[in-house]
Amino acid sequence: MKLDIKKIMISLLLIAFPLGGAVAQELNDYLRIAAENNPELQSAYTNFEAALQQSPQVASLPDPTLTVSAFGRMVETRLGAQEARFSFMQMFPWFGTLKTKRDAADLLAEARFQEYLAKRANLFFEIKKAYAELFAIDKTILLKEKNLDILDSYRELSLSKFRSGSSKMVNVVRVDIEQDAALTEIAIEQEQLESLKKRFNLLLNRDKEATVAIQDTLVFDAELRKGMINTEEAFNMHPELTKFDREREAYENRAKTAQKSGLPNIGIGLDYAIISERMDANPPGNGQDAIMPMVSVTLPIFRKKYKAAEREAELMQEAAIKNKEARKNQLQSELEATLYDLTKTNKLLRLYERQLESSAQANKLLVSAFSNDNGDFEEVLEMNQDILILKIQQIEALKTGFTAEAKMEYLSAKTQNYDETK
């Protein structure tokens, strides 16, 4: 009987999972793959590249105008008949207009880049969250598979005692019932694990049947505290909030552009006329071509469109400010929830550690008592189930803590750049 008890205790020790250690390289590799392959992220970066093309468009002068006139019937002048006329005109917007347009376009492009950074940071969080789900279900299956070995030991023990006449056959049947339930749970969870792996691969935009390596443990810093980050400073650097700052600045420049657009545009040009020589006379300058510099000014007298454009830009500024305020409140709310998860996880992990240590001792005593005909086998099974539940709860708490720590990285704008190509 002592051999059976020793086998049981060794199996219990094999179930434990360490909480320390470095993050496996596999997870970093998955983050890099996602940064390079995720279509939503690629779309966000393409939008940024497209926005960069706005600056050279809006900061350019309008195309010059060249007018060519040919006379079907020549117009006679004192110096001869006009054969053709060429007119060239270049319009110049009011001073500083092109600069404000260029600045607005550059700021909007930067806003699109901040949007890309925010999507990338959120993608990394979603991958870590999904990976934590994979870890939890994989280790839960491993726990239940090892628990089958423990139940086998219990069955051998109860069957041996039944043969010796010191126990009832019902104890063996109880073990069979628990084993059957455990096998069904394992089969269901294995199907769930395969489904999660396929969803994880789709998040990485790769073959959904690709192999997903799951590390032996997750890193969770149980001592992580709010004091590790400056909330205001972190949020001011957060790309989601920085995006709204850039948009507000861009619309400020658009308002300036609208004001300057309501000022006159100045045109500078040249008019050139080809004159043929007179044959009936020879006046001074006979046949000399005519050159005439020109200056034109637009008259922006219809003011409604300029005022409307300026008001539109002012309203967009207000919208950007309100959007930033709303998102900042959401981030702060998420921060409070994340801090709660970190604190709760820290306390639960310490509790489970103490309870597992005590439960292992109690389990040893119960098995020993049953082996010596002084214990109830039902209590042995209940304690084993309690230990299994505690270990599953320990895994769930580790998953919650790891996810909360990943969320804290996102909220504190400290997400590492895993995309080396950008």
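This one's a predicted model, so the numbers in the text were calculated from it and none came from an experiment.
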A.B. asks: Could you work out, with salt bridge (Lys or Arg N to Asp or Glu O under 4.0 Å) as the rule, every residue matching Arg311, not counting sequence neighbours?
C.D. replies: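 Scan of Arg311 (salt bridge (Lys or Arg N to Asp or Glu O under 4.0 Å), adjacent residues dropped) gives Glu314.
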
A.B. asks: Taking the six-membered ring for Trp, are Tyr116 and Tyr45 ring centroids under 6.0 Å apart?
C.D. replies: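 Centroid distance Tyr116-Tyr45: below 6.0 Å, so yes.
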
A.B. asks: Does CD in Glu318 sit with more than 12 non-hydrogen atoms of other residues, nucleotides or ligands closer than 6.0 Å?
C.D. replies: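 It does: Glu318 CD has more than 12 such atoms within range.
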
A.B. asks: Which residues pass the side-chain contact (heavy atoms from CB on, under 4.5 Å) test with Gln57, sequence neighbours left out?
C.D. replies: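 Gln57 satisfies side-chain contact (heavy atoms from CB on, under 4.5 Å) with Gln53, Gln54 once adjacent residues are dropped.
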
A.B. asks: List the residues meeting salt bridge (Lys or Arg N to Asp or Glu O under 4.0 Å) with Asp386, not counting sequence neighbours, and say none if there are none.
C.D. replies: none

A.B. asks: Tell me which pairs pass salt bridge (charged side-chain N to carboxylate O under 4.0 Å, His left out) where either residue lies in residues 96-109, with sequence neighbours left out.
C.D. replies: Lys99-Asp103

A.B. asks: Applying side-chain contact (heavy atoms from CB on, under 4.5 Å), name anything that partners Gln190, two or more places apart in sequence or on another chain.
C.D. replies: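 So Gln190 forms a side-chain contact (heavy atoms from CB on, under 4.5 Å) with Ile141, Glu145, Ile186.
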
A.B. asks: Could you name each residue pair satisfying salt bridge (charged side-chain N to carboxylate O under 4.0 Å, His left out) that touches residues 41-61, not counting sequence neighbours?
C.D. replies: none

A.B. asks: Shortest non-hydrogen contact from Asn201 to Ala210?
C.D. replies: ND2-O, 2.9 Å

A.B. asks: Does Lys161 count as lying over the ring of Phe370, i.e. NZ or CZ under 6.0 Å from the six-ring centre, within 45 degrees of the axis?
C.D. replies: yes

A.B. asks: Looking only at atom types and distance, does a side-chain atom of Thr345 sit under 3.5 Å from a main-chain N or O of Asp341, one as donor and one as acceptor?
C.D. replies: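 Confirmed, Thr345 side chain pairs with Asp341 backbone.
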
A.B. asks: Would you say Glu40 has more than 12 foreign heavy atoms packed within less than 6.0 Å of its CD?
C.D. replies: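 At most 12 heavy atoms, drawn from other residues, nucleotides or ligands, come within 6.0 Å of this atom.
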
